[in-house]
Amino acid sequence: MTERQITMEEVAKHNKQDDCWLVIGNEKTGGPKVYDVTKYLDDHPGGAEVLLDVAGQDADEFFEDIGHSKDARDELANHLVGVLKLDEAEIQRRAEAAKAAAEKGAGGMNIVVVLVAIIAIVAAYYKTQM
């Protein structure tokens, strides 16, 4: 049986407490899938608000950053609605988001280098003034 394919536009409509869908998954985890977590909101250990903050959106990054357990992943499987339809527009959007995230991560390192350099200059200046 073929899994139901759901567009991001359809997912975005389900962004309320009484109708809450999320996209979770990536190439490494079998691809993006759509989950209806409406009935799970009250049972979520982190509280309903955490899920509602990403309702109707791609929540994969948030899900993976938390480091959910196997039990959490098993629970998630109980709420599967279908797979995210990856048309050309969605593939392009995901590629741009991945590129932006990579650039953001690399930019963070540049900031650290600049801050260290500034601190070194300030320390050297104060040392010469004493």
Side-chain angles (χ1 to χ4, degrees):
M1 185 169 135
T2 304
E3 290 181 307
R4 177 178 169 200
Q5 291 196 351
I6 303 164
T7 64
M8 266 316 287
E9 291 76 21
E10 175 66 21
V11 173
K13 295 175 186 176
H14 301 273
N15 61 356
K16 300 174 198 65
Q17 187 163 357
D18 63 346
D19 185 18
C20 182
W21 288 15
L22 309 172
V23 173
I24 298 176
N26 55 58
E27 309 79 44
K28 298 175 186 173
T29 61
K33 293 183 174 62
V34 179
Y35 300 92
D36 179 351
V37 296
T38 308
K39 293 179 180 175
Y40 185 67
L41 291 174
D42 292 334
D43 297 326
H44 186 258
E49 196 62 37
V50 174
L51 298 176
L52 291 170
D53 285 346
V54 291
Q57 301 174 47
D58 186 335
D60 184 63
E61 183 177 349
F62 299 103
F63 184 83
E64 295 301 337
D65 285 351
I66 296 299
H68 284 86
S69 67
K70 181 180 178 335
D71 288 344
R73 292 174 189 277
D74 291 344
E75 177 63 35
L76 185 63
N78 294 328
H79 304 281
L80 181 67
V81 176
V83 297
L84 184 66
K85 183 176 182 180
L86 294 175
D87 57 17
E88 285 300 318
E90 185 60 26
I91 292 169
Q92 180 67 27
R93 186 192 69 74
R94 288 178 164 271
E96 289 172 3
K99 182 180 176 185
E103 289 173 354
K104 181 180 178 185
M109 187 56 149
N110 291 340
I111 291 172
V112 170
V113 170
V114 169
L115 287 175
V116 168
I118 290 172
I119 291 170
I121 291 168
V122 168
Y125 174 77
Y126 280 116
K127 191 172 184 178
T128 61
Q129 298 303 312
M130 294 186 155

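Position 1 is the first residue of the sequence, and the numbers go up from there. What you see below is based on every heavy atom in this structure, not just the backbone, and it leaves out hydrogens, waters and symmetry mates.
Residues Leu51 and Leu76 fall within the same hydrophobic cluster, defined by Ile, Leu, Val, Met, Phe, Trp and Tyr side chains chained together at heavy-atom separations under 4.5 Å.
Between Leu84 and Met8, the closest side-chain pair of non-hydrogen atoms falls below 4.5 Å. Two residues are said to be in side-chain contact when any heavy atoms from C-beta on lie closer than 4.5 Å; Val37 and Trp21 fail this criterion.
The two residues Glu90 and Asp87 have their closest heavy-atom pair at N-OD1, 2.8 Å. Thr38 approaches Gln17 most closely through the heavy-atom pair CG2-O, 3.6 Å.
Crowding of Asp65 atom CG: a count of heavy atoms from other residues, nucleotides or ligands under 6.0 Å exceeding 12. Atom OH of Tyr40 is surrounded by more than 12 heavy atoms from other residues, nucleotides or ligands within 6.0 Å.
Within the structure, side-chain hydrogen bond (donor to acceptor under 3.5 Å, both in side chains) contacts touching residues 52-61 (residues at least two apart or in different chains) are Asn26-Asp60, Asp58-Arg94.
One finds a salt bridge joining Glu64 and Arg73 here, because a Lys/Arg side-chain nitrogen approaches an Asp/Glu carboxylate oxygen to under 4.0 Å. A salt bridge is absent between Glu96 and Arg93: the closest approach of a Lys/Arg side-chain nitrogen to an acidic carboxylate oxygen does not fall below 4.0 angstrom.
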Working note: Leu80 + Glu3, criterion side-chain contact (heavy atoms from CB on, under 4.5 Å); need CA distance, chi angles, decisive distance, verdict. CA-CA 10 Å; Leu80 181 67; Glu3 290 181 307; 3.7 Å; yes
Between Cys20 and Asn15, does a side-chain contact (heavy atoms from CB on, under 4.5 Å) hold up when you go through it step by step? CA-CA 5 Å; Cys20 182; Asn15 61 356; over 6 Å; no
Quick one: do Arg4 and Val83 satisfy side-chain contact (heavy atoms from CB on, under 4.5 Å)? Show the steps, please. CA-CA 6 Å; Arg4 177 178 169 200; Val83 297; over 6 Å; no
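Aromatic ring pairs are classed by plane angle as parallel below 30°, tilted from 30° to 60° and perpendicular above 60°; the pair His44 and His68 is tilted.
Put simply, CG on Leu52 and NZ on Lys16 are 11.5 Å apart, with the number rounded to the nearest 0.5 Å.
When Val81, Ile6, Leu22 are each tested for a side chain to side chain contact (heavy atoms under 4.5 Å, CB included) with Val11, only one passes: Ile6.
Side-chain polar atoms of His79 and Asp36 form no donor-acceptor pair below 3.5 angstrom.
A donor-acceptor pair is defined here as one N or O able to donate and one able to accept, closer than 3.5 Å; no such pair exists between the side chain of Thr7 and the backbone of Lys85.
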